[in-house]
Amino acid sequence: MLTGASGGLGAHMAHAFARQKVKLALVAHPGIDLEGLRKSIAAEGVQAAALTSDLRDPVQRRELLKDVRSQLGPIDILINNAGVEFNAAYHDLSEGQIGEVLSVNLEAPMILSRLVLPEMIERRQGHIVNISSLAGKCGPAFQEPYAATKAGLVAFTQSLRATYRGSGVSASVVVPAFVEAGIYARLKAKTGCAAPRLLTGSSPAQVARAVLRSIEDDVPEIIVSRYPLRPVLALAALSPRLGDWITTRIGVHEFFRRAVEAEKRDRS
Ligand SMILES: NC(=O)c1ccc[n+]([C@@H]2O[C@H](COP(=O)([O-])OP(=O)(O)OC[C@H]3O[C@@H](n4cnc5c(N)ncnc54)[C@H](OP(=O)(O)O)[C@@H]3O)[C@@H](O)[C@H]2O)c1
């Protein structure tokens, strides 16, 4: 089951799974483009179901799983990919917006995982992939709820792996930098602001390949970026003050500041 299937990254993941002949439950909300995606997957000879479900709603989440099982059978793979973000100074966000980010990006992945685990454990097979973000590793300015949920997914995945080790069930987290699709591509088009070059240039196809590899090789965490970022993140872990300095020097905070200002100008 793939959430956020209609998005910039989700559609690439869907086609990557279809090439592996994996049956697909494609989930989105409101899911305007979902049926078109289902048809293109079906044209590749792979069974797929298009299911709209507002993942903020606990009732819809449960109904969704019932529908997936009745249409396609047991769920072996869950990709928690749906995600939302709002770019604004934290105090300018409404409680509703903060709640939406927490709910779609973190609560839904945690609850969906909780709901698919019993049958995965019983069948002794299953893999959960959570799609995080570099924002969860470095906390950019103007990204408080988003960064918090994406960091939460990293810790959630680590715990899941430890709990179910040896059971046939595992979990991975994929951490993309800025990808030239979906959320980032729309922000860039809308504001004319580009993120620092060091962190851009990843393609949605690379993210899709990382998701497949995380399952095939049971990899704990994959960072998807044009340049290797682990050494920088290791330095930041050794010294948070240095990490803060590096993130500032790279221009991450400044990029979001400019994007937020551009969006504000656009609205006024
Ligand atoms: N693009 C990037 O640069 C980037 C970088 C790092 C991490 N990520 C992460 O990668 C994932 C996919 O990002 P993307 O760029 O593909 O985003 P996107 O194009 O905005 O797609 C978001 C997806 O989530 C679905 N969705 C939103 N709210 C929902 C809700 N309440 N219930 C159910 N589904 C909902 C959307 O459905 P509709 O299409 O129907 O609205 C869409 O399928 C996200 O978790 C994002 O945080 C993206």
Side-chain angles (χ1 to χ4, degrees), residues 1-16 24-38 50-61 63-65 78-87 96-97 99-109 111-112 129-138 140 143 145-154 156-157 173-190 193-196 199-208 210-211 221-226 229 252 255-256 259:
M1 180 171 103
L2 169 64
T3 72
S6 56
L9 307 194
H12 281 264
M13 291 177 202
H15 284 289
L24 279 161
L26 307 164
V27 183
H29 178 83
I32 292 160
D33 303 328
L34 209 52
E35 183 52 23
L37 177 65
R38 189 200 66 75
L51 300 144
T52 55
S53 172
D54 187 344
L55 294 177
R56 291 170 295 183
D57 179 352
V59 177
Q60 290 192 39
R61 291 194 292 246
E63 286 300 315
L64 167 69
L65 292 182
L78 167 64
I79 314 294
N80 285 311
N81 168 63
V84 290
E85 70 169 4
F86 296 102
N87 300 297
Q97 287 172 315
E100 179 171 350
V101 177
L102 294 177
S103 175
V104 176
N105 295 12
L106 185 59
E107 184 188 356
I111 300 298
L112 290 176
V129 183
N130 294 311
I131 308 301
S132 175
S133 160
L134 201 58
K137 295 276 187 185
C138 68
Q143 291 283 295
Y146 184 80
T149 58
K150 295 302 183 180
L153 286 177
V154 173
F156 174 56
T157 310
V173 63
V174 172
V175 183
F178 293 94
V179 185
E180 305 296 332
I183 292 178
Y184 171 59
R186 285 196 304 274
L187 183 64
K188 193 163 76 165
K190 197 167 158 194
C193 301
L199 305 178
T200 57
S202 305
S203 71
Q206 277 174 288
V207 180
V211 170
E221 177 184 288
I222 301 179
I223 296 176
V224 184
S225 61
R226 189 207 304 242
L229 295 176
V252 179
F255 159 66
F256 281 108

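The figures that follow rest on heavy atoms only: side chains count, while hydrogens, waters and symmetry mates do not. When a ligand or atom number is given, it counts from 1 through the structure's own listing order.
Contacts classified as side-chain hydrogen bond (donor to acceptor under 3.5 Å, both in side chains) and involving residues 129-138 (residues at least two apart or in different chains) are given here: Asn80-Asn130, Asn130-Thr157, Lys137-Glu221.
Taking the side chain as every heavy atom from C-beta outward, Asn87 and Gln143 approach each other to under 4.5 Å.
Closest approach of Ser103 and Pro109 over heavy atoms only: O-CD, 4.4 Å.
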Table please: side-chain donor-acceptor pairs of residues 174-188 below 3.5 Å, with sequence neighbours left out.
unit_1: Glu180; atom_1: OE1; unit_2: Lys188; atom_2: NZ; d: 2.9
unit_1: Glu180; atom_1: OE2; unit_2: Gly201; atom_2: N; d: 3.2
unit_1: Tyr184; atom_1: OH; unit_2: Ala195; atom_2: N; d: 2.8

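Expressed to the nearest 0.5 Å, how far CG of Leu112 lies from CG of Leu55 amounts to 6.0 Å.
When heavy-atom distances to ligand 1 are checked against 4.0 Å, the residues falling inside are Gly4, Ala5, Ser6, Gly7, Gly8, Leu9, Ala28, His29, Pro30, Gly31, Ser53, Asp54, Leu55, Arg56, Asn81, Ala82, Gly83, Val84, Val104, Ile131, Ser132, Ser133, Tyr146, Lys150, Pro176, Ala177, Phe178, Val179, Ala181, Gly182, Ile183, Tyr184, Arg186, ordered by chain and number.
In this structure Gln206 satisfies the side chain to side chain donor-acceptor pair (under 3.5 Å) test together with Ser203, sequence neighbours excluded.
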